Protein chains: 2
Amino acid sequence: MVPDDDGAFAPTTEDAPSSSGFLDDGKNTIGSQLASRLREAIISGELQAGSKINLDKARKTFNVSLSPLREGLARLISDGLVEFEDNRGYRVSSISLANLEEITTLREEFEVFALRESMRLGDVEWEGNVMRALHRLNRTERDAARPETLERWEELHREFHLTLISGCGKPILLHFCRLLLNLNDRYRRVFLTRTSGDRNVSQEHSEIAQGAVARDLDYSCDMLRQHIHRTGTNLRTHLATKGIL
Amino acid sequence: MVPDDDGAFAPTTEDAPSSSGFLDDGKNTIGSQLASRLREAIISGELQAGSKINLDKARKTFNVSLSPLREGLARLISDGLVEFEDNRGYRVSSISLANLEEITTLREEFEVFALRESMRLGDVEWEGNVMRALHRLNRTERDAARPETLERWEELHREFHLTLISGCGKPILLHFCRLLLNLNDRYRRVFLTRTSGDRNVSQEHSEIAQGAVARDLDYSCDMLRQHIHRTGTNLRTHLATKGIL
DNA sequence: ACTATCCAAATAATCGATTATCTGTCAAGG
DNA sequence: CCTTGACAGATAATCGATTATTTGGATAGT
């Protein structure tokens, strides 16, 4: 489990992604739990993009009071998954081709930059974390028939990408990348139940990771950029197919 | 007045910075007003960096109830000015040399990228907005003796930088740049009551802006990068002088 | 028919009180 | 002397009720 973002940019404390995923994992307050549930509901598409969130209904659906509900929604605003307007309430952020294109472009720029910095600054522990994340990801099958495997894969995939750039020593940059990854995952979860056949994604991840620990800056960065770009193109096609502009 | 961020990334609607600054300007709910007041209190240094925010005291100080207080604080979390932990409450984000360095680095990367995109994509209206923002900024004096002129200048300065990159057509990128600018301004407000004598900042702004509307990509981007870099170096010196690591 | 105005239902925002959690202190036991 | 546990005060989280705002529809005037 990738630990939730600290809310702010965690300028001081910054660890490598969870070493083993403790069970307790924070999640103390109702607000926190709600944020997780809502996030999952949005990323999985259960809550339709662009739809309004009625506080009263949500309150009943989740069986909570207004305060924690607002608390939870506030966090999703930070994540860019929810929008808010005074006296008009909350709504799920819309998706669009333009939005997806921007996310892809920014991921290319930021993640590649962060990867380069990680290769420049990362220590041996970072290398180890990368190899572990890669291994765990590649050992996990994605079976469209079983949704829980999809979720698991998404989780490990996000963790892999975050670990890759976790050595950059730049908390704010990591925060931005995490946001973009979240936004991107929503598109994948909604539109891609299986990997398209013409790509060997595992292979791509391996190449990036091995280049990274070998400190082959240009190679690894280039691979990552192409990887992100291809994913974007792929998603865009699906999006267009399903008739969203 | 630079319009407040829309809370989310405003993926659909995105205008050029306020054309003339209407007075009403939203700010409907207590939560919104509070967010503004708190933001100003933090950026101006009135609320000390790193300090804990006691909800009860804050409630009394600002004469509001908990709900809007939390609402306001939640927005500052999105801005990266406040941090939060379950059951531990809120605290003002700390400042540090490392944090300032990261902000500077990221501004160089992101703003320069956004400027390049703006020059590539911006229309005539964008050009006009840039020239207007430049003019207004250069016509405003900064007088250390009168704090209100400092605030005014900061506002126009922020608006200039945002306008410069407003043509890039990338709402999320703009959102990130706005955050970084906010974070950066806090350092300036706290540590720099006047421009250091060895720089002609107006001149720098003019060069960037004129290069931009002339679509001289490399020149303008280079000038902007240097401008940001110099500001960072400058602030770092002041920070070090005042004994903060 | 078309627009403007007013009302009522729906919805969001706020409040004050209550409950849950944490933090520091002090005493008992090792 | 150090550790552990229990208590009390401080602080945060949550709730239910109240107040303010918006929205959609009905009505009156042009």
Side-chain angles (χ1 to χ4, degrees), chain A residues 4-8 10 13 22-39 42 47-48 50-78 81-93, chain B residues 4-8 10 13 22-39 42 47-48 50-78 81-93:
Chain A
D4 267 354
D5 197 1
D6 292 9
T13 41
F22 288 159
L23 289 179
D24 104 307
D25 213 17
K27 308 289 183 225
N28 294 318
T29 69
I30 299 183
S32 290
Q33 298 170 295
L34 210 46
S36 295
R37 288 212 278 165
L38 284 167
R39 184 180 294 113
I42 292 174
L47 250 53
Q48 194 172 44
S51 66
K52 190 153 180 359
I53 298 173
N54 183 305
L55 289 177
D56 240 23
K57 285 177 194 158
R59 192 173 66 70
K60 282 160 192 159
T61 304
F62 292 99
N63 223 43
V64 294
S65 189
L66 273 323
S67 324
L69 183 55
R70 284 171 155 274
E71 194 74 31
L73 286 167
R75 306 204 192 174
L76 297 191
I77 291 174
S78 302
L81 292 172
V82 166
E83 298 170 31
F84 171 82
E85 202 174 348
D86 273 354
N87 292 321
R88 296 271 192 87
Y90 305 82
R91 66 174 52 241
V92 181
S93 297
Chain B
D4 267 353
D5 197 359
D6 292 7
T13 40
F22 288 158
L23 289 179
D24 103 308
D25 213 17
K27 308 284 182 234
N28 294 318
T29 69
I30 299 183
S32 290
Q33 298 170 296
L34 210 46
S36 296
R37 288 211 278 165
L38 284 167
R39 184 180 293 112
I42 293 174
L47 249 53
Q48 195 173 43
S51 66
K52 189 153 181 1
I53 298 173
N54 182 305
L55 289 177
D56 241 23
K57 285 177 193 158
R59 193 173 67 69
K60 282 161 190 159
T61 304
F62 291 100
N63 224 42
V64 295
S65 188
L66 274 322
S67 323
L69 183 55
R70 285 171 154 274
E71 194 73 32
L73 287 167
R75 305 205 193 174
L76 297 192
I77 291 175
S78 302
L81 293 172
V82 166
E83 298 170 30
F84 171 83
E85 202 175 348
D86 273 355
N87 291 321
R88 295 272 191 87
Y90 305 82
R91 65 174 53 240
V92 181
S93 297

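As the structure is a computational prediction, the values presented were derived from the model and not from experiment. Order of the sequence lines fixes the chain letters, A, B, ..., with proteins taken first and strands second; residue numbering starts at 1 for each chain.
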Quick one, Arg39(B) with Leu81(B), criterion side chain to side chain contact (heavy atoms under 4.5 Å, CB included). Give me CA distance, side-chain angles, the key distance, then yes/no. CA-CA 8 Å; Arg39(B) 184 180 293 112; Leu81(B) 293 172; 3.8 Å; yes

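- Atoms CG and CG, on Leu34(A) and Leu76(A) in that order, are 8.5 Å from each other to the nearest 0.5 Å.
- With sequence neighbours left out, the side chain to side chain contact (heavy atoms under 4.5 Å, CB included) criterion links Ser65(A) to Pro68(A).
- Take Tyr90(B) and apply the ring-ring contact (aromatic ring centres under 6.0 Å, His included) test, not counting sequence neighbours, and it matches Phe84(B).
- The NZ-P distance, from Lys60(A) to dC15(D), rounds to 15 Å in whole Å.
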Give every pair of a protein N or O atom and an N or O atom of nucleotides 5-11 of chain C that lie under 3.5 Å apart, one pair per line with the distance.
| unit_1 | atom_1 | unit_2 | atom_2 | d |
| --- | --- | --- | --- | --- |
| dT11(C) | OP1 | Asn54(A) | ND2 | 3.4 |
| dT11(C) | O5' | Asn54(A) | ND2 | 3.4 |

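- Glu71(B) places its CD atom 15 Å from the P atom of dT14(D), with the value rounded to the nearest Å.
- Both Gly31(A) and Leu66(A) lie near DNA chain D, and the one whose nearest nucleotide falls closer to the 5' end is Gly31(A).
- Residue Ile30(A) contributes atom CD1, which lies 11 Å from atom C1' of dT19(C) at whole-angstrom precision.
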Could you pull out all donor-acceptor pairs under 3.5 Å where a side-chain atom in residues 52-59 of chain A meets a protein atom, sequence neighbours excluded?
| unit_1 | atom_1 | unit_2 | atom_2 | d |
| --- | --- | --- | --- | --- |
| Lys52(A) | NZ | Arg88(A) | O | 3.1 |
| Asn54(A) | OD1 | Asp56(A) | N | 2.8 |
| Asn54(A) | OD1 | Lys57(A) | N | 3.0 |

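- Taking each heavy atom of Asp86(A) and Asn28(B) in turn, the nearest pair found is OD2-N, 3.6 Å.
- Counting to the nearest Å, the C1' atom of dA12(C) and the CZ atom of Phe84(A) are 8 Å from each other.
- Arg75(A) and Ser32(A) get closest at one heavy-atom pair: NH1-OG, 3.0 Å.
- Separating the CG atom of Asn28(A) from the C1' atom of dA20(C) is a distance of 11 Å, rounded to the nearest angstrom.
- The CG atom of Asn63(B) sits 14 Å away from the C1' atom of dG16(C) (whole-angstrom rounding).
- In this structure Ser51(B) satisfies the side chain to side chain contact (heavy atoms under 4.5 Å, CB included) test together with Gln48(B), Val92(B), sequence neighbours excluded.
- At whole-Å resolution of the value, CZ in Arg59(B) and C1' in dT14(C) are 13 Å apart.
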List, with names and distances, any nitrogen or oxygen atoms from the protein found under 3.5 Å away from nitrogen or oxygen atoms belonging to nucleotides 18-21 of chain D.
| unit_1 | atom_1 | unit_2 | atom_2 | d |
| --- | --- | --- | --- | --- |
| dT21(D) | O3' | Asn87(A) | ND2 | 3.3 |

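- A distance of 11.5 Å separates OG in Ser93(A) from CG in Leu47(A), rounded to the nearest 0.5 Å.
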